[in-house]
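Working notes, structure below.
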2 protein chains.
Amino acid sequence: MKDGAQPTRERILQAAGKLFHRDGIRAISVDAIAEKAGVTKRTLYYHFRSKDDLIAAHLQARDEPNLTLFKRWFDEAEGDIAAKVAGIFRHLAQSARDAKWKGCGFLRTSVELINLPGHPALVAARAHKKRIEDWLSSLFAEAGAGDDALPLARRIMLLLDGSFAVVLLHRDPSYMETAADAAAQLIADSLSGARGNGSDLPGAASVG
Amino acid sequence: MKDGAQPTRERILQAAGKLFHRDGIRAISVDAIAEKAGVTKRTLYYHFRSKDDLIAAHLQARDEPNLTLFKRWFDEAEGDIAAKVAGIFRHLAQSARDAKWKGCGFLRTSVELINLPGHPALVAARAHKKRIEDWLSSLFAEAGAGDDALPLARRIMLLLDGSFAVVLLHRDPSYMETAADAAAQLIADSLSGARGNGSDLPGAASVG
DNA sequence: CAATGTATACCGGGTAGTGAATATACACAA
DNA sequence: TTGTGTATATTCACTACCCGGTATACATTG
């Protein structure tokens with residue numbers, strides 16, 4: 001660590017983060033990351049055992065800041081809990097309007113590593129998504145959703161990850177506004193205890 | 001075309017389909033496809049200009065059968081339109097219980113080709129998803145959803161692609177049951193003309 | 001000295017795509 | 001019927017390159 005500015009390891013991680021997010025895991029070579037970090041490949045391999053190791057470390061490093069951002073978006077939004085969750089989607093829509101927006105790194109990585117079920121990066125990705133789900137679930141529980149809290153959180157996760165997938169494909173952020181409305185509707189339905197309100201569906205509480 | 005059994009081109013396409021779906025686009029080499037098809041690589045390049053060409057042809061070939069399958073699942077389900085759409089999700093859940101299930105090839109391909117915006121395979125993927133959305137929209141219009149038909153179809157698409165993404169990550173098909181319930185709920189809400197039923201959200205008709 | 005960190009040069013393996021030649025089938029003319 | 005031309009279909013061998021990872025030696029610092 002000869003430069004006091006930023007430890008070498010962090011610089012590598014940051015370079016990897018940018019490149020992985022921009023082009024994907026497989027499309028980026030270790031050489032490219034080393035060059036972007038201003039470091040030789042051998043140095044990179046001193047700090048990380050393998051490329052897979054680096055990928056996993058990258059996702060682990062993104063977990064906390066990502067969750068924190070979602071919490072901030074929630075906190076900053078006005079209105080009841082439905083409106084505040086919808087606010088997350090609207091912030092997401094705003095981000096997605098940037099041409100350089102590249103969707104959810106956790107989801108994309110999980111697609112690229114589909115044939116390596118035990119990969120540590122997949123474990124990190126699952127943990128991240130579960131953390132968000134748990135956070136949402138606790139929010140709904142506090143708001144009085146009762147047994148509906150978890151299934152409701154799972155519905156929101158479906159809309160969230162669905163947004164990432166659909167907008168990545170169509171490049172049309174308005175889907176995230178659609179998702180915001182749908183999320184708000186589902187939350188309002190659950191919190192008003194409106195199960196069985198004229199519909200013949202199995203009920204909002206079933207988780208399968 | 002010396003063998004009457006199956007034209008070479010179709011055999012290549014079929015081999016590519018299996019391998020691409022199993023391991024992903026980038027993970028499969030042209031050599032592997034040629035070998036699986038029982039053909040030399042040079043022959044493959046006679047029938048397809050490039051690997052990208054083959055990828056695009058592969059997705060185009062999947063468009064029709066995929067849509068047909070969804071329609072069959074819809075037709076075969078019992079109950080009102082909400083229950084029939086939910087039936088699609090439940091069939092999907094059944095498929096996803098197979099350990100070899102690999103999610104949606106259109107979505108996965110779009111992730112792998114994210115840095116090639118004009119790639120013909122992406123065009124094919126978008127067209128496919130739009131066809132499903134249009135089909136759903138027409139169903140809802142026939143059922144009397146009026147102006148809600150399209151936004152409702154988009155909500156279902158979000159749940160559908162969200163299911164693919166989430167189940168691919170967590171390997172937990174029960175999310176598709178959750179999606180089935182959510183879809184049925186959203187459809188029932190729209191068709192009962194229940195806008196403004198106690199909730200303060202922007203309304204089911206806004207598309208953004 | 002010993003621990004940590006960096007640099008150069010290299011290896012073995014895999015990749016998309018190609019050049020040149022060959023085999024097959026069918027149309028048409030002698 | 002035989003011969004010839006031509007488009008289709010297929011093969012083997014090859015190039016040029018990129019990738020993850022490593023052997024080895026050198027530098028810096030406590």
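Only a predicted model underlies this, so the values are computations on that prediction, with no experimental measurement involved. Throughout, protein chains are lettered first and strands after them, A, B, ... in sequence-line order, and every chain is numbered starting at 1.
When side chains are defined from C-beta on, B:His47 counts as touching B:Thr43, because their heavy atoms get closer than 4.5 Å. Contact annotation: the side chain of A:Leu168 approaches that of A:Arg108 to within less than 4.5 Å [non-hydrogen atoms, C-beta and beyond]. At least one side-chain heavy atom of A:Trp101 sits less than 4.5 Å from a side-chain heavy atom of A:Arg171. No side-chain heavy atom of A:Tyr46 sits under 4.5 Å from any side-chain heavy atom of A:Thr8.
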> Checking ring-ring contact (aromatic ring centres under 6.0 Å, His included) for the pair B:Trp135/B:Phe74: CA distance, chi angles, key distance, verdict?
Replying inline: CA-CA 11 Å; B:Trp135 168 61; B:Phe74 177 87; 5.6 Å; yes
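You'll find that the side chain of B:Tyr45 is closest to C:dA16, out of C:dT6, C:dA16, D:dG20. Nearest nucleotide to the side chain of B:Thr40, out of C:dT8, D:dC12, D:dT22: D:dC12. Residue B:Thr43 places its side chain closer to D:dT11 than to any other of C:dT6, D:dT11, C:dA16.
Comparing B:Lys51 and B:Arg42 along DNA chain C, the residue whose closest nucleotide (by nearest heavy atom) sits nearer the 5' end is B:Lys51. Map A:Tyr46 and A:Val39 each onto its nearest nucleotide of DNA chain C; the residue landing nearer the 5' end is A:Tyr46.
Judged by atom type and distance alone, B:Lys41 reaches the base of C:dG17 through a side-chain donor-acceptor pair under 3.5 Å.
The interatomic distance linking A:Arg9 (CZ) with C:dT6 (P) rounds to 13 Å, in whole Å. Atom-to-atom, CZ of B:Phe48 to P of C:dT18 comes out at 16 Å; the value is rounded to the nearest Å. Across the protein-nucleic acid pair, B:Asp31 atom CG and D:dC14 atom P stand 16 Å apart, rounded to whole Å. B:Ile55 has its CD1 atom 14 Å from the P atom of C:dT15, to the nearest Å. Here the P atom of nucleotide D:dG21 and the CG atom of A:Asp53 are 10 Å apart, to the nearest Å. To the nearest angstrom, C1' of D:dC18 lies 13 Å from CZ of B:Arg26. What separates CD1 of A:Ile12 from P of C:dA7 is a distance of 11 Å, to the nearest Å. The CD1-P distance, from B:Ile33 to C:dT15, rounds to 11 Å in whole Å.
Here A:Leu44 lies out of heavy-atom contact (under 4.0 Å) with every strand.
Applying the 4.0 Å criterion to OP1 and OP2 of C:dT6, one finds that A:Thr8 has a side-chain N or O inside that range. For the pair B:His47 and D:dT8, the criterion of a side-chain N or O lying under 4.0 Å from OP1 or OP2 is not met.
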